[in-house]
Amino acid sequence: IAKAEKIDPLNEDLDNLKDRYDIEKARFIEEKNYEILEKGRVLVVDGKCREALPYYEEFFSLTSGNVILLREYADVLACTGNYEKAFETYDSVLAKDYTYETDLERAKLHYAHGDSLKALEDLKRLSEEDPENFEAKMYLGDAYVKLKDYDNAAPIYDSLLTWPLDSLQRQQVLNRQKWM
């Protein structure tokens with residue numbers, strides 16, 4: 001481009017050449033960034049979340065990502081046991097673009113992290129928002145059980161058994177009833 005400008009600085013094709021160069025350069029950088037992310041994803045699939053985390057952090061240091069990728073990052077953080085940062089990331093994602101699925105993942109993380117009261121609060125709200133969501137209802141029952149509130153857990157599990165469940169879901173509910 002510099003040589004072309006010296007030879008013919010008024011050439012109309014110079015602007016197109018500069019634009020094309022900028023586009024290709026941005027595409028190249030984006031591809032390199034996603035290669036970093038893909039290395040992390042491969043490790044996550046292999047169950048190596050701690051090893052994957054530096055790739056995600058490098059990716060986000062180079063780009064802002066989007067809410068889908070931030071949600072993925074929150075899932076990886078939760079997998080590594082970095083609950084505080086996972087909650088912060090889920091909250092950030094929900095503030096930017098609320099989705100029921102992300103809200104449910106955050107509620108499940110509250111449950112897994114041992115905050116049964118917060119999990120119960122979130123799962124009640126989510127179960128009201130989508131009364132036919134199997135996972136939200138099952139975790140709601142689980143939260144009641146964790147709090148030893150069997151009188152509220154039992155009807156939830158009983159009602160789930162009236163739903164058209166697949167064999168795995170049915171077994172999950174039956175197991176929970178046995179544990180209770």
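Nearest heavy atoms, A74 versus A86: O-CB, 3.7 Å. When all heavy atoms of A52 and G40 are compared, the pair lying nearest together is CB-O, 3.2 Å. Residues L14 and P9 approach most closely at CD1-O, 3.7 Å, considering heavy atoms. Contact between T89 and L77 at its shortest, heavy atoms only, is OG1-CD1, 3.5 Å.
The structure places CG of L174 at 11.0 Å from CZ of R176, a figure rounded to the nearest 0.5 Å. One finds the OG atom of S167 at 10.0 Å from the CD atom of Q172 (value rounded to the nearest 0.5 Å). Here the OG1-CG distance, from T102 to L104, works out to 9.5 Å after rounding to the nearest 0.5 Å.
Taking a 6.0 Å sphere around CD of E31, one finds it holds more than 12 heavy atoms contributed by other residues, nucleotides or ligands.
Side-chain atoms of V93 and R106, non-hydrogen and from C-beta on, never get closer than 4.5 Å to each other. Considering only heavy atoms from C-beta on, N133 stays 4.5 Å or farther from L126 through its side chain. Residues Y73 and L69 fail the side-chain proximity criterion, which asks for heavy atoms closer than 4.5 Å. The side-chain heavy atoms of E121 and K118, taken from C-beta on, include a pair separated by under 4.5 Å. Residues I36 and Y56 are not in side-chain contact: their nearest non-hydrogen atoms beyond the backbone lie 4.5 Å or more apart. Contact annotation: the side chain of Y55 never approaches that of L37 to less than 4.5 Å [non-hydrogen atoms, C-beta and beyond]. Taking 4.5 Å as the limit, every side-chain heavy atom of N66 sits out of range of all side-chain heavy atoms of K96. Using a 4.5 Å heavy-atom cutoff, the side chains of K32 and I29 are not in contact.
Between the side chain of S92 and the backbone N or O of E88, no donor-acceptor pair lies under 3.5 Å. In this structure, D166 contributes its side chain and L168 its backbone to a donor-acceptor pair below 3.5 Å. Here the side chain of S159 pairs a donor or acceptor atom with the backbone of I156 at under 3.5 angstrom.
The pair R27-E30 fails the salt-bridge criterion, with no side-chain N (NZ, NE, NH1 or NH2) lying under 4.0 Å from an Asp/Glu carboxylate O. One finds a salt bridge joining D75 and R71 here, because a Lys/Arg side-chain nitrogen approaches an Asp/Glu carboxylate oxygen to under 4.0 Å. Between R125 and D122 there is a salt bridge, with a side-chain nitrogen of the basic residue lying less than 4.0 Å from a carboxylate oxygen of the acidic one.
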>> If you apply the rule side-chain hydrogen bond (donor to acceptor under 3.5 Å, both in side chains), what do you find for K146 with Y139, and how did you get there?
In response: CA-CA 10 Å; K146 228 176 193 181; Y139 272 93; over 6 Å; no

> For K18 and E5, what are the C-alpha separation, side-chain angles and deciding distance, and is it a side-chain contact (heavy atoms from CB on, under 4.5 Å)?
Replying inline: CA-CA 10 Å; K18 288 177 187 176; E5 284 178 328; 2.6 Å; yes

> Between D130 and Y100, does a side-chain contact (heavy atoms from CB on, under 4.5 Å) hold up when you go through it step by step?
Replying inline: CA-CA 9 Å; D130 183 1; Y100 182 89; 3.7 Å; yes

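L117 and Y90 fall into different hydrophobic clusters, where Ile, Leu, Val, Met, Phe, Trp and Tyr are joined by side-chain heavy atoms under 4.5 Å apart, directly or via other members.
Not counting sequence neighbours, the partners of E38 by the salt bridge (Lys or Arg N to Asp or Glu O under 4.0 Å) test are R41.
The aromatic rings of H113 and F87 sit perpendicular, their planes meeting at an angle over 60°, well past the 30° parallel limit.
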